[in-house]
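Keep in mind that the numbers below use all heavy atoms, side chains included, and drop hydrogens, waters and symmetry copies.
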Amino acid sequence: MSLDEARVILQNLDYIVALYDQDLCLKYINQESVFFSKNDIGSSIENLLSSSIYKNRISNSNLLRVRNKEGEKEEFRICYRQKNYNLILQSIYTEEKDFLGMILLILPIDKYNNLEKPSKREISLEEDNSIKKPVIKSASEFLPENKLTREKNLEVDFTAGVFSGKWQEKVAKVPDLQMEIGKLSLTEVDALLLALPAELTFVDTNRVFRYFNCQETLDKMIFKRTNAQIGRNIEYCHPPKLWPRVKLLFEQFENGIKDKEEMWYENQEGKTIFITYKALIDDAGAFRGVLESVEDLSLIHISEPTRRT
């Protein structure tokens with residue numbers, strides 16, 4: 001992906017994402033919400049302990065546990081302003097096991113409750129005339145210079161390890177990517193995408209498969225992806241019988257007929273798999289491609305009483 005494509009993907013996630021740096025100060029949020037604002041950038045993670053939103057849920061002891069063990073997570077559910085959220089607090093590390101910081105992921109989960117039957121929800125063919133048609137052009141044509149780094153057209157191989165091999169020298173010279181709210185290094189971008197509890201697939205405006213976040217070994221992924229598929233037209237990544245529906249969906253995204261499509265099904269293990277296709281729209285209203293997100297709802301729902309704040 002290019003750096004700017006990575007920025008647009010993070011801004012279009014359904015998750016609220018907050019990154020705390022090595023000093024546990026807030027460095028980045030992907031969107032403003034009731035949980036975070038621009039004014040929170042630079043604040044200590046200790047503010048979470050005193051916040052009424054997370055009251056009695058995050059303690060110094062579980063912060064320390066998550067901080068000191070790679071892969072350690074704290075997961076819990078809250079109800080805030082009559083809406084339910086699933087929260088994940090997780091430490092992130094480099095491949096060399098250096099501590100990068102901690103992320104807090106916040107996912108609204110009410111849409112997952114009482115999913116309609118039958119067990120499989122197919123892609124809808126209905127049009128939504130309320131969607132405004134996006135512009136389709138490259139980022140450098142419309143974004144003001146202060147929205148981009150000087151290396152905005154540099155493409156980084158996120159799928160061949162964390163910036164290994166031929167990218168090592170280039171990555172070392174790239175400054176933090178300036179985001180809408182805060183900034184991120186390339187290593188932090190990679191770690192954030194890998195930490196999300198969802199399989200992501202990015203397809204660009206030319207319908208070319210460009211990226212997936214392989215969190216598991218390939219054989220354990222819900223939707224099997226391989227490095228060999230990178231660079232292929234998306235048509236050749238689907239069974240022929242499915243392509244007409246996928247093609248129509250892409251045309252609807254490209255022409256502003258839709259901006260999101262959700263479907264779900266029950267797999268052979270009885271788990272509900274929830275799939276979201278989303279048109280990536282950037283700050284200037286331009287269409288930048290499509291993001292597919294695949295979630296196992298058995299991993300998202302936390303079996304504990306809801307705490308109201």
Side-chain angles (χ1 to χ4, degrees), residues 10 13-22 24 26-31 33-36 40 43-93 97 99-115 188 190-200 213-217 220-222 262 264 267 269-276 293-309:
L10 285 168
L13 292 174
D14 287 337
Y15 289 87
I16 298 167
V17 180
L19 171 70
Y20 289 85
D21 62 19
Q22 292 101 323
L24 299 186
L26 185 61
K27 184 178 182 182
Y28 164 77
I29 55 175
N30 68 332
Q31 58 182 277
S33 65
V34 296
F35 297 96
F36 295 102
D40 293 316
S43 63
S44 169
I45 201 169
E46 294 291 330
N47 289 7
L48 291 177
L49 304 181
S50 59
S51 170
S52 62
I53 298 177
Y54 316 105
K55 188 177 180 181
N56 299 324
R57 305 312 300 274
I58 303 178
S59 66
N60 276 314
S61 60
N62 55 28
L63 275 181
L64 187 63
R65 182 171 60 254
V66 174
R67 161 66 178 85
N68 290 337
K69 186 175 180 182
E70 182 179 6
E72 188 76 11
K73 295 181 182 179
E74 281 286 329
E75 300 187 43
F76 51 94
R77 181 183 295 181
I78 65 171
C79 182
Y80 184 69
R81 296 184 180 178
Q82 300 183 325
K83 293 183 180 180
N84 292 292
Y85 300 89
N86 194 63
L87 279 68
I88 301 174
L89 185 68
Q90 180 178 344
S91 57
I92 53 176
Y93 288 76
K97 310 302 181 185
F99 178 67
L100 275 176
M102 298 177 71
I103 59 173
L104 180 64
L105 305 174
I106 304 173
L107 176 65
I109 59 174
D110 288 332
K111 71 176 182 179
Y112 301 123
N113 294 323
N114 303 315
L115 296 179
E188 288 167 340
D190 189 59
L192 275 178
L193 292 172
L194 290 175
L196 294 172
E199 295 176 6
L200 301 182
N213 63 336
C214 181
Q215 306 140 307
E216 300 276 357
T217 57
K220 292 183 179 180
M221 294 182 70
I222 300 170
E262 296 173 336
W264 51 89
N267 68 8
E269 299 174 354
K271 297 178 180 179
T272 299
I273 306 303
F274 195 93
I275 307 162
T276 303
S293 174
V294 181
E295 299 166 298
D296 177 355
L297 296 194
S298 67
L299 302 178
I300 292 175
H301 287 274
I302 307 300
S303 56
E304 63 171 278
T306 299
R307 181 182 295 273
R308 297 194 173 272
T309 55

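Note that CD of Glu262 and CD1 of Ile275 are 11.0 Å apart. Values are rounded to the nearest 0.5 Å. The distance from the CD1 atom of Ile103 to the CD atom of Gln90 is 5.0 Å, given to the nearest 0.5 Å. If you take CG on Leu104 and CD1 on Ile88, they are separated by 9.0 Å, rounding to the nearest 0.5 Å. Distance check, rounded to the nearest 0.5 Å: CG of Asn213 to CG of Leu192 gives 11.5 Å. For the atom pair Phe36 CZ and Ile16 CD1, the distance stands at 8.0 Å (nearest 0.5 Å). Considering CG of Leu63 and CG of Leu89, their distance stands at 6.0 Å, rounded to 0.5 Å.
Between Tyr80 and Phe35, the two ring planes are tilted [angle within 30° to 60°].
Val66 is not listed as a side-chain neighbour of Lys73, based on a closest heavy-atom distance of 4.5 Å or more. Leu194 is listed as a side-chain neighbour of Asp190, based on a closest heavy-atom distance under 4.5 Å. Counting heavy atoms from C-beta on, the side chains of Leu19 and Ile92 come closer than 4.5 Å. Proximity of Val34 to Arg81: side-chain heavy atoms (C-beta onward) are separated by under 4.5 Å at one or more points. Between Tyr20 and Lys27 the shortest side-chain heavy-atom distance does not fall below 4.5 Å. At least one side-chain heavy atom of Lys111 sits less than 4.5 Å from a side-chain heavy atom of Thr276. For the pair Ile273/Val294, a side-chain contact is recorded, criterion being any heavy-atom separation below 4.5 Å from C-beta on. In this structure the side chain of Ser298 never reaches within 4.5 angstrom of the side chain of Thr272, judged on heavy atoms.
With sequence neighbours left out, the ring pair (Phe, Tyr, Trp, His ring centres under 6.0 Å) criterion links Tyr15 to no other residue. Partners of Ser44 by side-chain contact (heavy atoms from CB on, under 4.5 Å), not counting sequence neighbours, listed by chain and number: Glu46. For Glu74, the salt bridge (Lys or Arg N to Asp or Glu O under 4.0 Å) criterion is met by Arg65, not counting sequence neighbours. Residues satisfying the side-chain contact (heavy atoms from CB on, under 4.5 Å) test with Lys83, not counting sequence neighbours, are Tyr85, Asp110.
In the model, Glu188 has no side-chain atom that pairs as donor or acceptor with a side-chain atom of Tyr28 under 3.5 Å.
Taking both residues in full, the closest heavy atoms of Tyr112 and Glu295 are given as OH-OE1, 2.8 Å, listed atom of the first, atom of the second, then distance. Residues Leu200 and Leu13 come closest through the heavy atom pair CD1-CD2, 4.1 Å. Heavy atoms only, all atoms of each residue included: Asp14 and Leu107 are closest at O-CD1, 4.3 Å.
Looking only at distances, a side-chain donor or acceptor of Asn30 sits under 3.5 Å from a matching main-chain atom of Leu10. Proximity of a side-chain donor or acceptor of Ser43 to a complementary backbone N or O of Asp40 within less than 3.5 Å is detected.
Residue pairs meeting the salt bridge (charged side-chain N to carboxylate O under 4.0 Å, His left out) criterion with at least one partner in residues 84-93, sequence neighbours excluded, do not occur; the list is empty.
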